[in-house]
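First up is the structure itself, then whatever we jot down about it.
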Amino acid sequence: MAALPGPTAHLAAAVVALLAYVLTSRAERERRAPSVAIGWVLGMMFLPYLAFPFYFLFGRRKLVRMLRHPLPPPPDAHWAAVLLAGFGMPPPAPSAVYLHRDGGEALLALWRTIDNARERLDVCSYLLGRDAFAAELSTRLAERAQSGVAVRVLLDAYGAWLGDRQMWQRMRQTGVELRMFRPLSLRYSDGPRNLRMHRKLCIADGRILWSGGRNFAAEYFLGTHERDPWIDLSFDLEGATAADAAHQFEVDWLVARGRTPRPITRDVEAAPPGPLTQYLPSGPDQAEDTLRALLIEGCYRADRRIMAITPYFVPDEGVLTALRLAACRGVAVTLCLPKRSNHVLADFARNRALRELASVGVEIRLSAQMLHAKALVFDDSLALIGSANLDPRSLLLNHEAMTLFYDRAHVEWIADWIAGYSAIGSSFENRPPGLAREIGEGLLLTVAFQL
């Protein structure tokens with residue numbers, strides 16, 4: 001039996017681990033919740049041989065490729081546009097927008113986007129299913145590639161485990177370029193393994209954007225004979241916002257190929273009148289936690305209503321406090337969630353936050369059908385649709401993308417869509433938890449950022 005390390009060796013290992021933690025956190029501008037930071041420090045002190053390698057595999061969350069420079073906000077800009085200008089994001093732009101009421105409309109819009117591509121077609125998703133829908137999608141992409149369109153498909157390496165490798169091979173043989181984002185292979189050394197690509201979009205020629213919360217599998221559209229479709233939300237638009245999404249895809253594609261991306265720029269020109277939209281990427285490739293900052297700011301600025309629909313609701317302390325204080329000052333806060341999602345641990349972990357919010361008057365509605373939509377509404381002037389859930393993984397770890405809608409008609413459409421599913425849901429019952437549940441929730445919430 002090998003001898004255990006002596007006190008001197010253990011102290012040296014702990015010091016090296018703690019120094020590495022501090023230096024990487026400083027260099028990469030990491031910000032962590034106090035509970036998470038304390039957990040890492042204690043791990044480095046008492047279990048450095050385990051905590052140190054685990055930290056480099058899973059502990060870091062910022063891999064900033066480029067720092068965006070602040071931009072001047074447009075005249076008379078909405079508060080959200082002013083905030084995002086400070087993060088260097090391209091400004092809102094006029095767009096022709098089509099919101100999809102259900103999976104059937106979303107499917108027709110996806111096929112239309114693919115068919116409209118003449119030069120380039122970029123597709124990004126967390127996963128590509130192993131079903132008839134995915135087979136038809138791959139066939140359509142292959143046909144476009146054979147017709148001379150440059151087709152690129154970017155999938156998350158972890159989500160790709162659920163895919164069909166033979167399907168990928170057939171796509172590649174027809175000219176489709178397919179890459180995995182952040183492979184799990186040990187040969188891949190570019191950062192932690194837990195920073196996932198969760199953006200969902202299809203872009204035709206850099207001018208038409210199809211996006212939202214839907215992965216490319218049957219349950220996100222029309223379902224199958226064995227499974228009902230999940231409730232989800234997506235849209236397509238045409239305009240400069242699509243070009244912004246295309247620029248971000250180019251960055252993600254270059255990163256997946258191991259290359260250094262070029263800075264993202266868009267000339268700020270006088271835009272013609274029209275409904276404004278804005279593309280918002282969030283994740284390890286952004287210096288700031290852009291979406292989380294926008295969400296918290298929106299909670300503090302709202303004076304009439306906040307509406308949210310999400311499959312997974314495990315808010316961190318900052319988001320939870322912002323929602324709670326909004327309700328305390330009289331803002332009508334509505335949360336629409338599935339009664340049971342496809343993630344049991346997330347359902348269990350959410351209950352402490354739901355009890356706290358229910359106690360201050362937040363309306364919590366639970367749908368009997370699986371909800372996968374991700375959307376937010378603040379008052380009458382701002383709504384968001386995209387890929388991000390209201391949990392630390394989406395807000396702090398994943399590469400996510402949301403699109404902002406500033407036009408009142410679009411905001412009302414999204415609010416009515418959320419209200420429709422809220423109306424048919426049941427109310428959350430705010431029951432006091434037992435001791436075992438309190439302990440279980442507390443333990444699970446210590447790793448909630450990884451759920």
Side-chain angles (χ1 to χ4, degrees), residues 96-100 102-157 159-181 197-225 227 229-230 232 234-239 241-243 245-254 256-257 387 401:
V97 178
Y98 304 93
L99 297 161
H100 311 149
D102 54 35
E105 291 185 8
L107 184 61
L108 291 175
L110 177 61
W111 296 157
R112 185 169 60 245
T113 301
I114 292 173
D115 292 341
N116 283 338
R118 294 294 175 263
E119 297 179 358
R120 188 173 78 252
L121 190 61
D122 297 327
V123 178
C124 181
S125 181
Y126 178 66
L127 60 87
L128 178 63
R130 190 192 297 263
D131 51 39
F133 166 82
E136 182 174 359
L137 174 61
S138 66
T139 298
R140 287 174 179 261
L141 294 177
E143 290 173 351
R144 302 303 291 147
Q146 290 177 317
S147 70
V149 176
V151 180
R152 300 184 294 182
V153 178
L154 183 61
L155 301 175
D156 181 76
W161 282 5
L162 302 175
D164 185 341
R165 284 167 173 75
Q166 293 182 346
M167 182 190 302
W168 304 345
Q169 185 62 26
R170 291 192 297 270
M171 292 169 65
R172 287 179 169 130
Q173 290 172 351
T174 61
V176 175
E177 290 188 78
L178 189 150
R179 292 194 176 274
M180 300 299 157
F181 192 87
M197 171 56 68
H198 204 240
R199 294 166 185 158
K200 303 163 175 63
L201 50 85
C202 177
I203 310 169
D205 298 328
R207 63 182 181 85
I208 302 174
L209 169 66
W210 181 102
S211 189
R214 303 177 196 272
N215 286 303
F216 294 127
E219 60 265 29
Y220 300 93
F221 291 88
L222 301 179
T224 65
H225 294 297
R227 177 180 291 181
W230 292 357
D232 216 325
S234 57
F235 63 90
D236 62 286
L237 62 80
E238 186 170 357
T241 299
H247 292 327
Q248 182 63 55
F249 179 91
E250 187 69 28
V251 170
D252 296 338
W253 184 259
L254 290 173
R257 296 183 65 186
S387 65

#### Entry: Derivation of the side-chain contact (heavy atoms from CB on, under 4.5 Å) call for M197 and M180
CA-CA 9 Å; M197 171 56 68; M180 300 299 157; over 6 Å; no

### Task
Evaluate the criterion side-chain contact (heavy atoms from CB on, under 4.5 Å) for residue pair L209 and F235; output intermediate values, then yes/no.
CA-CA 8 Å; L209 169 66; F235 63 90; 4.3 Å; yes

#### Entry: F216 vs L155, side-chain contact (heavy atoms from CB on, under 4.5 Å): CA-CA, chis, key distance, verdict
CA-CA 10 Å; F216 294 127; L155 301 175; 5.8 Å; no

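- Atom CG of residue D236 and atom CD of residue E105 lie 10.0 Å apart, to the nearest 0.5 angstrom.
- In this structure a side-chain-to-backbone donor-acceptor pair under 3.5 Å is present from R144 to I114.
- With rounding to the nearest 0.5 Å, the separation of CD in E238 from OH in Y98 is 7.5 Å.
- Taking both residues in full, the closest heavy atoms of L154 and A256 are given as CD1-CB, 3.7 Å, listed atom of the first, atom of the second, then distance.
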### Message
Apply side-chain contact (heavy atoms from CB on, under 4.5 Å) to residues R165 and Q169 and explain how you reach the verdict.
### Response
CA-CA 6 Å; R165 284 167 173 75; Q169 185 62 26; over 6 Å; no

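- Atom NE2 of H198 sits about 6.0 Å away from atom OG of S387, to the nearest 0.5 Å.
- The nearest pair of heavy atoms linking T113 to A204 is O-CB, 3.5 Å.
- A distance of 12.0 Å separates OG of S138 from CH2 of W168, quoted to the nearest 0.5 Å.
- No donor-acceptor distance shorter than 3.5 angstrom exists from the side chain of D205 to the backbone of R207, with no hydrogens or angles considered.
- Heavy-atom neighbours of Q166 CD from other residues, nucleotides or ligands within 6.0 Å: at or below the threshold of 12.
- G159 approaches L127 most closely through the heavy-atom pair O-CB, 3.6 Å.
- In plain terms, the two heavy atoms of G129 and A217 that are nearest each other are CA-CB, 3.9 Å.
- Shortest non-hydrogen contact noted between L110 and C202 is CD1-CB, 3.9 Å.
- Under the 30°/60° scheme for interplanar angles, the aromatic rings of F221 and W210 are found to lie parallel.
- If you run salt bridge (Lys or Arg N to Asp or Glu O under 4.0 Å) between D252 and each of R199, R179, R152, only R199 comes through.
- In plain terms, the two heavy atoms of G103 and L222 that are nearest each other are C-CD2, 3.9 Å.
- With rounding to the nearest 0.5 angstrom, the CD1 atom of I203 is 11.0 Å from the CD1 atom of I208.
- Remark: side-chain polar atoms of T174 are not paired, donor with acceptor, to backbone N or O of Q146 under 3.5 angstrom.
- Judged by distance alone, the side chain of R214 and the main-chain N or O of S211 form no donor-acceptor pair under 3.5 Å.
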### Task
Give the C-alpha distance, both sets of side-chain angles, the deciding distance and a yes or no for side-chain hydrogen bond (donor to acceptor under 3.5 Å, both in side chains) between Y220 and N215.
CA-CA 6 Å; Y220 300 93; N215 286 303; 3.2 Å; yes

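- For the atom pair CG of L141 and CD of E136, the computed distance is 10.5 Å after rounding to the nearest 0.5 Å.
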